[in-house]
Amino acid sequence: MTEESSSTKTRLLSRGLTGGIHPPVKSDLGYWLSIRAGALIFGAAIVLFVWSILHQSLSAWTSHGIHILTGTVWSPSTSNYGALPLILATLITTAVALLVAVPIGLGTSLTIIFFLPQRLKTPITSLVELLAAVPSVVYGLWGLFVLVPWMNTTIEPKLASITGGGFPFNGATNGFGLLLASIVLSVMILPTIVAISRDVIAAVPHEQIEGALSLGATKSQTLLKVVLPEARTGIFGAITLGAGRALGETIAVAMVIGSNPQIPKSLFSTGATLSSTIATEFGEASGAQLAALGALALILMVITASVNAGARTLTRRALRGHA
Amino acid sequence: MTDVLMDLPPDPILERRRVIQETASKKIGRRQLNSRILSGVFGLTLVLSLIPLVSVLATLIKRGVGVISWGFLTHDPIQPTLINQNAVGGIGNAMVGSLVVDGIAALVAVPLAILIGLYLAETESRTANFMRAITEIMTGLPSILLGVFAYIYIVLTMKAYSGFAAIVAITFLMVPVITKAAETAIRGVPHTLREAGLALGARNSKVSRGVILPVAAPGLITGVLLSLARAVGETAPILLVIGISGRTDWNPFHQMSALPLDIYQDSASGYASQQQEAWGIALVLVVAVLVLSLGSRFVAARMRREQR
C-alpha cells in the first residue's frame with residue numbers, strides 16, 4: 001500500500017510538474033531519454049555549427065590576423081581580405097533601414113491599436129503580417145525591376161537636390177546601391193517591428209492611458225508621452241530584433257546593392273555587405289578566399305547572435321514587466 | 001506631511017503626471033488640432049507600410065500571371081539562345097527540387113522539434129533554459145550561415161554539391177521555428193489534463209502521445225506550416241550547396257534546382273524570357289507561401305472549434 005502510493009508520487013514528480021529533475025520510474029525511462037535525446041541532438045548540431053564556422057575561418061585569422069577586421073580593401077583577385085568596407089556597408093544599410101522602418105512601424109502599431117475600428121483590426125494586422133511572408137528573393141526581384149527605375153529617375157535626383165549634391169546624397173546615381181538596399185531592408189523588417197511593438201504597446205496598462213486622458217491630455221499626447229515611454233523597453237527590443245534581421249539579410253541585398261566591395265562614399269554608391277559577399281563569392285571561392293569568407297561568416301554570426309540575444313532580453317523583460 | 005513627501009526620491013509616476021499636467025495646461029484648441037494632425041500622421045504611416053505589399057502583389061500579378069501554364073509548371077527549362085530569345089521554358093525541375101528538399105527537411109525536422117518542444121515545456125532546469133535561449137537565438141541567425149555549415153560538413157566531405165546538403169541546411173532552419181511553436185502549444189495544454197492521464201495510470205509517453213500532443217495539435221500544425229512557408233522561400237543557404245540542374249531529378253544526392261534559387265539566377269539574366277520566368281516563379285512561390293500561412297490559420301481555427 002505504502003509502496004504503491006510512493007510509486008505514484010514518484011511518477012508525478014518525474015512528470016516534470018515539479019521540475020522533472022527526479023529520476024524516472026522504469027516504465028518511463030524511454031520517454032525520459034527520448035525527449036532529452038532530441039534536445040541533445042540539436043544541441044550537438046549547434047555546437048558543430050559554431051565549430052564549423054570557427055574552423056573554416058581559422059586559417060584566415062592566422063594568416064591575416066586582425067587585418068581582416070580593419071583592412072580597407074576587399075579584393076580576392078589580389079588576395080586582399082579586409083572586411084571593413086563590408087562591415088561598414090552592413091552597418092549603414094541597417095541603420096538607414098531602421099531610420100525608415102522604425103517611425104513607420106511604430107506609427108502603424110499605434111494606428112492599429114488606437115485608431116482603427118474593431119472590425120478592421122484583424123484584417124489590417126494580417127495584411128501587415130503578409131509582408132513577412134513574402135520570400136526575401138521576391139523582395140530582391142521587386143527591388144531590381146520596380147524600385148531601381150523609380151529610384152534612378154525620381155527619388156535619387158530629388159534627394160540629391162535637397163542636399164545640393166552634398167553628403168550623404170552625393171555622387172553618380174544609377175538606382176542600385178546602399179540606399180536601395182536600405183529601402184528594401186526597411187520593408188522587410190517592418191512586419192517584425194510592427195508585430196513586436198504591437199504586443200508591447202497593447203500590454204501598456206489601461207489605467208495609465210485612462211489616467212492621462214482624465215488629466216486632460218489629448219489622444220496623441222497620451223500616445224507620445226505615456227504609451228511610448230511606458231512601452232520603451234519592448235520597443236527597443238522590437239528595434240533590436242529588426243536590426244538583427246537587417247544585419248543578416250542576404251539574397252535581397254545581394255540583388256540590389258551592386259556587389260561592389262568598397263568603402264561607401266555616399267548612400268548612392270554601390271557596395272557589398274558581409275552576407276551578400278558570402279552569397280555572391282562563395283560559389284567560385286577556394287583556398288584562402290574560402291577561409292576569408294568563413295571569417296566573414298564568423299563576424300556575421302557574432303554580430304547577429306549578440307544582437308538577437310539583446311533583443312530577446314529586452315522583449316522578455318518588457319512583456320514580463322506587465323504580465 | 002507635505003515636507004515629508006517633498007523629501008522622497010523622484011517618483012517616475014508622479015514625474016510623468018507632472019509632465020502631462022504641464023502639457024495639458026496649454027490651450028485646448030491648439031492641442032486638439034495638434035492631436036488631429038498627429039492622428040493623421042499615424043494613419044499615414046499605416047498607409048505607407050501597406051504600399052510595398054500592394055506594389056509587390058500588383059507587380060507579381062501583372063508580370064507573373066501571363067507566364068503561368070501547365071507546361072510552365074511541369075516542363076524542364078529551355079536555355080535561351082540568341083535565335084530563340086523569347087522561349088519561356090518550364091520550372092518542373094525547380095518544383096521537384098523544392099518539393100524534395102523542403103519535404104524531406106520537414107519529415108526530419110517535425111519529430112525532432114516536437115521532442116525538443118516536449119523537453120523544453122516539461123522540464124525546468126538550467127539546461128532547458130539554456131537550450132531555449134539558444135533555440136530562440138538560432139531562429140534569428142542569418143540563414144546563409146547554415147549554408148556555410150552544410151557546405152563545410154556535407155559538400156566538402158562528399159566532394160559534391162547535392163540536394164542532401166540543402167536538406168541539412170533547411171532542416172536546421174526549420175527545427176528552432178517549430179520547436180518554439182511546439183513549446184508554446186504544449187505549455188498551453190492545461191495541467192489538469194496531464195494529471196488526469198497520469199492518474200488513470202497511463203505512462204508519460206502515452207499521456208504525451210494520447211493527450212498532450214492531440215490537444216496541442218492546432219498550435220503544432222500552425223508552427224509546421226509557417227516554418228514550411230519560410231523554408232520554401234529560403235534562397236541563401238540553398239545557393240551555397242545545391243549546385244545546379246536543368247533536369248527534373250528526384251534523387252536528393254544529385255545536384256538539384258529550387259524555386260527561389262531559379263528566381264535569383266534568372267533575375268541576373270539579360271534575356272527578357274528569363275526575367276519573365278523569374279516573375280512566374282515568384283508568383284508560384286508567393287501563392288505557395290500564402291496558401292501555407294493562411295492555411296495554417298484556417299486549420300488551427302477549425303481544429304480549435306472541433307476540440308470545444
Side-chain angles (χ1 to χ4, degrees), chain A residues 11-12 15-16 19-21 27-28 30-31 34-36 38-39 42-43 46 49 52-53 56 104 107-108 110-111 115 127-128 130-131 133-135 137-138 141-142 144 146 187 190 212 215-221 225 244 248 250-251 255 275 278-279 282 297 300-301 304-305 308-309 312, chain B residues 19-21 23-24 31-32 34-35 38-39 41-43 45-46 48-50 52-53 55-56 59 112 115-116 118-119 122-125 131 134 136-138 140-142 144-145 148-149 152-153 172 175 198 203-205 229 233 235-236 239-240 260 263-264 267 278 282 285-286 289-290 293:
Chain A
R11 280 189 186 192
L12 272 176
R15 225 352 238 167
I21 45 171
S27 63
D28 275 335
Y31 177 73
S34 60
I35 60 173
R36 277 161 183 78
F42 191 56
I46 292 173
F49 160 67
S52 71
I53 289 180
Q56 177 70 19
I104 295 182
T108 303
L110 289 174
T111 315
F115 292 99
L127 278 183
V128 178
L130 275 191
L131 270 178
V134 176
V137 67
V138 175
L141 194 67
W142 175 69
L144 206 55
V146 179
V187 174
L190 192 69
L215 288 169
T218 60
K219 201 165 181 180
S220 300
Q221 283 174 328
K225 303 208 163 151
T250 310
I251 284 296
M255 288 164 87
S275 55
I278 303 176
F282 210 87
L300 188 64
M301 182 167 77
T304 49
N308 282 322
R312 184 174 180 271
Chain B
V19 173
I20 293 165
Q21 280 175 334
T23 35
R31 290 197 295 122
Q32 290 286 16
N34 282 344
S35 182
L38 261 174
S39 315
V41 172
F42 287 142
T45 59
L46 176 64
L48 273 177
S49 59
L50 291 179
L53 183 70
S55 169
V56 168
T59 327
L112 186 61
L115 282 182
I116 307 171
L118 280 169
Y119 169 73
E122 299 194 349
T123 44
E124 294 289 343
S125 66
M131 274 300 291
I134 294 286
E136 272 174 37
I137 291 170
M138 284 300 299
L141 275 193
I144 191 159
L145 295 179
V148 175
F149 164 79
I152 292 168
Y153 281 115
F172 212 139
V175 168
L198 289 171
R203 293 179 185 184
N204 280 329
S205 49
T235 321
L239 170 71
L240 302 192
I263 301 181
Y264 179 68
S267 72
L285 202 57
V286 168
V289 168
L290 289 191
S293 34

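Per chain, numbering begins at 1; letters A, B, ... match sequence-line order. We use all heavy atoms of the structure for the numbers below, so side chains are in, but hydrogens, waters and symmetry mates are not.
- Side-chain contact check for A:F282 versus B:V148: some heavy-atom pair is nearer than 4.5 Å.
- Each of A:G216, A:A212, A:G43, A:G244 has some count of heavy-atom pairs under 4.5 Å with chain B, and the biggest count is that of A:G216.
- The candidate with the highest count of non-hydrogen atom pairs below 4.5 Å against chain A, out of B:L50, B:V56, B:L112, is B:V56.
- Heavy atoms only, all atoms of each residue included: B:S205 and A:Y31 are closest at CA-CD1, 3.6 Å.
- For the atom pair B:L239 CG and A:T250 OG1, the distance stands at 9.5 Å (nearest 0.5 Å).
- Using a 30° and 60° split on the angle between ring planes, A:F49 and B:F149 fall in the perpendicular class, above 60°.
- For B:P52 against A:V187, the heavy-atom pair with the smallest separation is CB-CG1, 3.6 Å.
- Comparing B:P260, B:G43, B:S49, B:A282 by how many heavy-atom pairs each has under 4.5 Å with chain A, the most go to B:S49.
- Only the side chain of B:Y153 comes within less than 4.5 Å of a heavy atom of chain A; its backbone N, CA, C and O stay farther away.
- Heavy atoms of A:L110 lying under 4.5 Å from chain B belong exclusively to its side chain.
- The two residues A:V146 and B:S55 make their nearest non-hydrogen contact at CG1-OG, 4.1 Å.
- With chain B as partner, the option from A:T304, A:I104, A:L130, A:L190 having the largest number of non-hydrogen pairs under 4.5 angstrom is A:I104.
- Nearest heavy-atom pair across A:S52 and B:I152 is O-CD1, 3.4 Å.
- Both the backbone and the side chain of A:L215 come within contact range of chain B, each with at least one heavy atom under 4.5 Å from a heavy atom of that chain.
- The shortest distance between side-chain heavy atoms of B:F42 and A:K219 does not fall below 4.5 Å.
- With hydrogens and angles disregarded, no donor-acceptor distance shorter than 3.5 Å links the side chain of A:T218 to the backbone of B:Q32.
- Under the 4.5 Å side-chain criterion, counting only non-hydrogen atoms from C-beta, A:L300 is in contact with B:I144.
- For B:S39, the parts lying under 4.5 angstrom from a heavy atom of chain A are both the backbone and the side chain.
- Within the 4.5 angstrom heavy-atom criterion, no atom of B:A229 approaches chain A.
- Taken from CG in B:L118 to CZ in A:R36, the straight-line distance is 11.0 Å, to the nearest 0.5 Å.
- Closest approach of A:P135 and B:V286 over heavy atoms only: CD-CG2, 4.1 Å.
- Between chain A and the residues B:T235, B:I134, B:L38, the most heavy-atom pairs under 4.5 angstrom are made by B:T235.
- Across A:L144, A:I53, A:I278, A:T111, the residue that shares the most heavy-atom pairs under 4.5 angstrom with chain B is A:T111.
- With sequence neighbours left out, A:A309 forms a side-chain contact (heavy atoms from CB on, under 4.5 Å) with B:I137.
- For A:L131, the parts lying under 4.5 angstrom from a heavy atom of chain B are both the backbone and the side chain.
- In this structure, A:F42 and B:L115 have side chains that are not in contact, with every pair of non-hydrogen atoms separated by 4.5 Å or more.
- The minimum heavy-atom distance linking B:L141 with A:A305 is given by the pair CD2-N, 3.9 Å.
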